[in-house]
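In what follows, a single structure is set out as structure tokens and then discussed.
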There are 2 protein chains.
Amino acid sequence: MSKIKETSTNFANKQALADECPEAYAANIIGGQWALVICSWLFNGKLRFGELRKLLPNITERMLTLQLRKLEEYKIVKRTVYAEVPPRVEYELTAIGYELKPIIKQLEEWGAKHRELSGES
Amino acid sequence: MSKIKETSTNFANKQALADECPEAYAANIIGGQWALVICSWLFNGKLRFGELRKLLPNITERMLTLQLRKLEEYKIVKRTVYAEVPPRVEYELTAIGYELKPIIKQLEEWGAKHRELSGES
DNA sequence: TCATTTACTTACATTTTTTATAGTACCTTA
DNA sequence: TAAGGTACTATAAAAAATGTAAGTAAATGA
């Protein structure tokens, strides 16, 4: 787990910003490299660790683990472990996680539009 | 300007993700530590460099410059330099930049709600 | 006994982002 | 002549994020 240095200026700045600005608070949570994309896939329903890995071809197991752990910590996803061998672990969005759907959808639309504009100029 | 190493795996991953997922594309653009907050302030109208610096008490001049340059590069903000001494530079959102407003507003609402949930449990 | 499967974990290396500190140019005003 | 204000730039360092490679446990089937 990537430990954050709680004495760093960066940590203090993030805290202060998040305290004042809910959008910065939100960005800290969903801001990793893969978090939004993981959520996007989970909007369609539960997925196993291995399934997610296949859907995100370039992600390493380490990064997938880290991102899922972070999302779990913030209660965006729920992790269910089945006592089987080989192990089976399923990930699904929580209620608050699912509420990201319209936001991500809008972000997608904005991104597509922005790319179009940039491509033309 | 922070140069990106175009031979790194990280660069390739970001590219590939952004190509396929508009939300990842968007996240790359507005994903910096201060970008969203800068945009938030600019929704209310033009601001000078020094005004932004005062509104973001902990930001360094370097970071503010970097973030503004990035936002300018992606046509989110427009930079206007007045040929005066001492210099005056104004920043304002472009049309596509302004279209982030509803998204950021929703993010704020989501963030506030998430924080509330986390505080209670 | 041995390989197989799955979801990790660990140690380490590299890359990217953020912070720190000290400058600079320019004209105006004192 | 000197100080002051504005929006920066240069350089270095610290911190954070991401990537690489290898290893682990535990039951099952061969």
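Bear in mind the structure is a predicted one, so any value in this text is a computation, not a measurement. Here is how names work: the chains are called A, B, and so on, in the same order as the sequence lines, proteins then strands, and each is numbered from 1.
Between B:R69 and D:dT9 there is a side-chain polar atom (N or O) within less than 4.0 angstrom of OP1 or OP2. Side-chain nitrogen and oxygen atoms of B:Q67 include none within less than 4.0 Å of the OP1 or OP2 phosphate oxygen of C:dT17. In this structure, A:N13 reaches the C:dT19 phosphate: one of its side-chain N or O atoms is under 4.0 Å from OP1 or OP2. Put simply, A:S8 has a side-chain N or O that comes within less than 4.0 Å of OP1 or OP2 on D:dA16. In this structure, A:N10 reaches the C:dT19 phosphate: one of its side-chain N or O atoms is under 4.0 Å from OP1 or OP2.
Checking C:dC26, C:dC12, D:dA16 against every side-chain atom of A:R62, the shortest atom distance belongs to C:dC12. Comparing D:dA16, D:dT6, D:dG19 by their nearest atom to the side chain of A:K14 picks out D:dA16. If you check C:dT18, D:dG19, D:dA7 against the side chain of B:F49, the one that comes closest is D:dA7. Nearest to the side-chain atoms of B:M63 among the listed nucleotides C:dT18, C:dT6, D:dA26 stands C:dT18. Nearest to the side chain of B:V89, among D:dA17, D:dA7, C:dT19, sits D:dA7.
Residue-level contact check: A:E51 touches neither bases nor backbone, having no heavy atom under 4.0 Å from any strand. Backbone-only contact: A:T9 has heavy atoms under 4.0 Å from sugar-phosphate atoms and none from a base. Within the nucleic acid shown, A:K70 has no heavy atom closer than 4.0 Å to any nucleic acid atom. The residue A:Y82 sits apart from the nucleic acid: no heavy atom pair falls under 4.0 Å. Heavy atoms of A:R48 sit under 4.0 angstrom from primed sugar atoms or phosphate atoms, though from no base atom.
Residues B:R48 and B:E90 are not paired through a salt bridge, judged by the lack of any N-O separation under 4.0 Å between the basic side chain and the carboxylate.
Among the candidates A:N44, A:L42, A:L100, the single residue satisfying the side chain to side chain contact (heavy atoms under 4.5 Å, CB included) test with A:L93 is A:L42. Evaluated for a side chain to side chain contact (heavy atoms under 4.5 Å, CB included) with B:L68, the options B:V89, B:I76, B:L52 yield exactly one hit, B:L52. A side chain to side chain contact (heavy atoms under 4.5 Å, CB included) with A:W34 is found for exactly one of A:L64, A:N58, A:L66, namely A:N58.
Atom CG in A:L36 sits roughly 16 Å away from atom C1' in D:dA17 (whole-Å rounding). For the pair A:L68 CG and C:dT9 P, the interatomic distance rounds to 11 Å; values are reported in whole Å. Atom P of nucleotide D:dA7 and atom NZ of B:K46 are separated by 14 Å, given to the nearest angstrom. We find that CG of A:L64 is positioned 15 Å from P of C:dT6, with the value rounded to whole Å. Regarding A:E84, its CD atom lies at a distance of 13 Å from the C1' atom of D:dT28, rounded to whole Å. One can place CD of A:E90 at 13 Å from C1' of C:dA7, the figure rounded to the nearest angstrom. For B:R88 and C:dC27, the CZ to P distance is 17 Å, given to the nearest whole Å. Atom CG of B:L66 is separated from atom C1' of D:dA12 by 14 Å (rounded to the nearest Å).
Position along DNA chain D of the nearest nucleotide to A:P86 versus A:T60 favours A:T60 as the more 5'-ward residue. DNA chain D is contacted by both A:W34 and A:K5; A:K5 maps to the nucleotide lying nearer its 5′ end (nearest heavy atom per residue).
Using modelled atom types, one side-chain atom of A:H114 and one backbone atom of B:Y74 make a donor-acceptor pair closer than 3.5 Å.
The aromatic rings of A:F43 and A:Y98 stand perpendicular to each other, their planes meeting at an angle above 60°, with 30° marking the opposite boundary.
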